[in-house]
Amino acid sequence: MKNILLSLISIKEYLNLNKIIYPYVLILGLFLMLFGWIVGLLFAPIDAVQGHSYRIIYLHVPMAIYSQLIYWFMAIWSFCFLIWKIKIAPSMILSAAYIGGMVTFLALLSGSVWGIPTWGTWWQWDARITSTFILFIMYLALLTVNRSFQNINTADQITAWIALVGVINIPIIKKSVDWWSTLHQPASISLTTESSIDLSMLIPLIISITGVGIFLFSLGLKVSRWIIYRRESD
């Protein structure tokens, strides 16, 4: 199993594939992301309750979704590194931490902007906001810890363990609106139940989520390549 994994994700093969697909993934992600945002901001109908302020959903929701998904991605690579010692794994963990920290910050920022007209406050220490803020701190802590050790192997081991332990916060973020009384409403879109958002608003949101995901993937390709080159030169 280990030999199969190593042959599939060797650093050399990854870098070759990375350079080939990066421009295509970047263009596709930018196109879908901008298209979803333009349709959502300019052509989606006005919300009956929130008016135009709800339109920040096309930025906030994708960022909130991927702030958690990127952490899962990072945790999976941490598991692979600790079990199989895959050489490329630390670079993937670090690239996910950089991008995840940025995305979580944007989720918190856009949520704060949305909260001013919706709740009358830009910040409230409710369960969803607090657990998301902890997620942001986790990303920053991972990057800080990794840079704190002179021995790169020790840094990689500790970073991977912290990433795995931090996974416990992800279901807390997801279920916080169900477990506690918060300002946040339950999820408006779900894979198992009917969406509560009108189709004319939902379609550009799905396009935005897809576009942001592909764009972040292209960003991950770029950042991981930079990290690999940096680590190899060191």
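Just the heavy atoms: all of them, side chains too, but no hydrogens, waters or symmetry mates, feed the values below. Model, not experiment: these values are computed from the prediction.
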| message | Test side chain to side chain contact (heavy atoms under 4.5 Å, CB included) on I57 and W114; report intermediate values, then the result. | response | CA-CA 8 Å; I57 193 176; W114 195 2; 3.9 Å; yes

| Between L135 and I170, does a side chain to side chain contact (heavy atoms under 4.5 Å, CB included) hold up when you go through it step by step? | CA-CA 8 Å; L135 178 63; I170 305 302; 3.8 Å; yes

| task | Go through M74 and M92 one step at a time and tell me if the side chain to side chain contact (heavy atoms under 4.5 Å, CB included) criterion holds. | result | CA-CA 7 Å; M74 186 173 64; M92 307 304 288; over 6 Å; no

| query | How far apart are the C-alpha atoms of L202 and D198, what are their side-chain angles, what is the distance that settles it, and do they pass the side chain to side chain contact (heavy atoms under 4.5 Å, CB included) test? | reply | CA-CA 6 Å; L202 179 62; D198 185 79; over 6 Å; no

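Judged by distance alone, the side chains of S91 and Y14 never bring a donor and an acceptor atom under 3.5 Å apart. Checking S131 against N169 by side-chain atom types alone, no donor-acceptor pair falls below 3.5 Å.
Criterion: ILVMFWY side-chain heavy atoms under 4.5 Å apart, direct or through other members. Under it, W226 and L15 are part of a common hydrophobic cluster.
For the atom pair CD1 of I162 and OG1 of T144, the computed distance is 9.5 Å after rounding to the nearest 0.5 Å. From I137, atom CD1 reaches atom OG1 of T104 across 10.5 Å, with rounding to the nearest 0.5 Å.
Nearest heavy atom pair, residue Y71 against residue V167, reads CE2-N, 3.6 Å. Minimum heavy-atom separation, I46 to R55: CG1-NH2, 3.7 Å. Closest approach of R231 to P90, counting heavy atoms only: NH2-CB, 3.4 Å.
At least one cation-pi condition fails for K19 and Y22: the charged atom is not both under 6.0 angstrom from the six-membered ring centre and inside a 45 degree cone around its axis.
F105 and F136 have tilted rings, their planes meeting at an angle from 30° to 60° on a 0 to 90° scale.
For Q150, the CD atom sits in a loose shell: 12 or fewer heavy atoms of surrounding residues, nucleotides or ligands are nearer than 6.0 Å.
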